[in-house]
There are 2 protein chains.
Amino acid sequence: MSSHSKKSQAGRFDSLEQEVYLNLWRTYDRLRSIEEEVFGPMGITSQQYNVLRLLAVHHPEPVPTLTIANRMISRAPDITRMLDKLEASSLIQRVRPSENRRMVLISITAGGLSLLGEIAEPLRQCHSKQLGHLNKKDLALLVGLLRDARKPHEQEKNTWS
Amino acid sequence: MSSHSKKSQAGRFDSLEQEVYLNLWRTYDRLRSIEEEVFGPMGITSQQYNVLRLLAVHHPEPVPTLTIANRMISRAPDITRMLDKLEASSLIQRVRPSENRRMVLISITAGGLSLLGEIAEPLRQCHSKQLGHLNKKDLALLVGLLRDARKPHEQEKNTWS
DNA sequence: TCAATATAGTTGTGCAAACAACTCTTGTCC
DNA sequence: GGACAAGAGTTGTTTGCACAACTATATTGA
């Protein structure tokens, strides 16, 4: 049996909804700090990692800049400068196609793919450290509840159904 | 009955742990953007709101700077400048007691209390918009799972058991 | 065909977060 | 009782995030 404490410590929160939100915030903050121990030494942020990951999935097809922005896990209004940094580190390439010069197509470089390879194992260990103490049933339950929680706040056709 | 989809879309994630973490991140990001619609127009951030809230709970007793930092929901290495801003807006006061001049004691002002009063109702509505679509059972379940998820990553004696 | 509109990114600016190095004060222990 | 360490904040600096205004390119429809 899973063993989540049932006590809600009434009084410390204005409402159950607020209690959920603050717990979500706190939990995200704790787990994020663990992930940063992996990304920091590699010289990238988790946002940047997610760009590289997305590009690797589509590789060798390039992906337009704003398509990347829309598929990010957290909002990325600053996608241009983020890609600037990745390009400066030679992890991605930009191409402006002559048939539609509005777009900028992004693709991951060999260096980018290599970096992903280096990160894979430490990152797997990190995820295990973050949440390995929960059993599969609770993990699956959590995924479902989180999805339900944000469902009304998702835009149209995003990748995060 | 609650109706969380059971499909985990295998293949999009490296592990169930990673899937949980990315869902946590995404969900936090969506809900946060809703909260910012409340705090933005009031001229404070949600971190600053939490400082004021904490001080209000202890009012009229003051609270030392680093005690505030340790009780924040997300880490606050920049507590000094955050308090600078709140002091500049006359929402808090600082006192350095002569019997121990290492500490700086912080207390909320009448203006700070008044701001909390103005925010209370819009914030309640915000929390309802964020999570009001979930039933009480799912909300309670979520609180428990989130607490379990971060439990091994909490320090000693913090307020976020 | 050309002005209006829509699309795709970029840049300017200001604010917030992170980490480390620093100052000031008090407690401790030969 | 004076060096040393610990405690409590502050400041410097760099980097990241957010919003809005802007440029450049393509489409469309009178």
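Protein chains get the first letters and strands the later ones, always in sequence-line order, with residue 1 at the start of each.
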Do the side chains of L123(B) and M42(B) join up, straight or via other hydrophobic residues, at under 4.5 Å, putting them in one cluster?
yes

Close N or O pairs between protein and nucleotides 14-16 of chain D (under 3.5 Å):
residue: dG16(D); atom: OP2; partner: K85(A); partner atom: NZ; Å: 3.1

Reckon R81(A) touches a base, only the sugar-phosphate, or nothing at all at heavy-atom distances under 4.0 Å?
base

N/O (side chain, R94(B)) to phosphate O (OP1/OP2, dA8(D)) under 4.0 Å
no

Compute whether any side-chain donor of one residue and acceptor of the other, for S46(B) and E36(B), lie under 3.5 angstrom apart.
no

Expected output: side-chain D29(A) to main-chain R75(B) donor-acceptor under 3.5 Å:
yes

For nucleotides 1-5 of chain C, which of its nitrogen or oxygen atoms have a protein nitrogen or oxygen under 3.5 Å away, and what is each distance?
none

Quick one: sort the Y21(B) and H127(A) rings into parallel, tilted or perpendicular, breaks at 30° and 60°.
tilted

Given DNA chain C, 5'-ward residue of the pair S74(B) and V104(A), judged by closest heavy atom
V104(A)

Between the protein and nucleotides 23-25 of chain C, are there any N/O to N/O pairs under 3.5 Å, and if so, what are the atom names and distances?
residue: dT25(C); atom: OP1; partner: R101(B); partner atom: NH2; Å: 3.4

List, one per line, each side-chain donor-acceptor pair under 3.5 Å for residues 112-121 of chain A, sequence neighbours excluded.
residue: E121(A); atom: OE1; partner: R124(A); partner atom: NE; Å: 3.1
residue: E121(A); atom: OE2; partner: R124(A); partner atom: NH2; Å: 3.0
residue: E121(A); atom: OE2; partner: Q125(A); partner atom: NE2; Å: 3.0

On DNA chain C, compare the nucleotides closest to L105(A) and A76(B); which residue's is nearer the 5' end?
L105(A)

Is there a donor-acceptor pair closer than 3.5 Å between any side-chain N or O of H133(A) and the backbone N or O of D148(B)?
yes

Base, sugar-phosphate or nothing for T80(B)? Non-hydrogen atoms, less than 4.0 Å.
base

Residues in side-chain contact (heavy atoms from CB on, under 4.5 Å) with D84(A), at least two apart?
T80(A), R81(A), R94(A)

So which one's nearest nucleotide on DNA chain D is more toward 5', P97(A) or M82(A)?
M82(A)

Modelled atom types, side-chain donor and acceptor of Q130(B) and H153(A), under 3.5 Å:
no

Run through the side-chain heavy atoms of Ile, Leu, Val, Met, Phe, Trp and Tyr, join any pair under 4.5 Å, and report what else lands in L105(A)'s cluster.
M103(A)

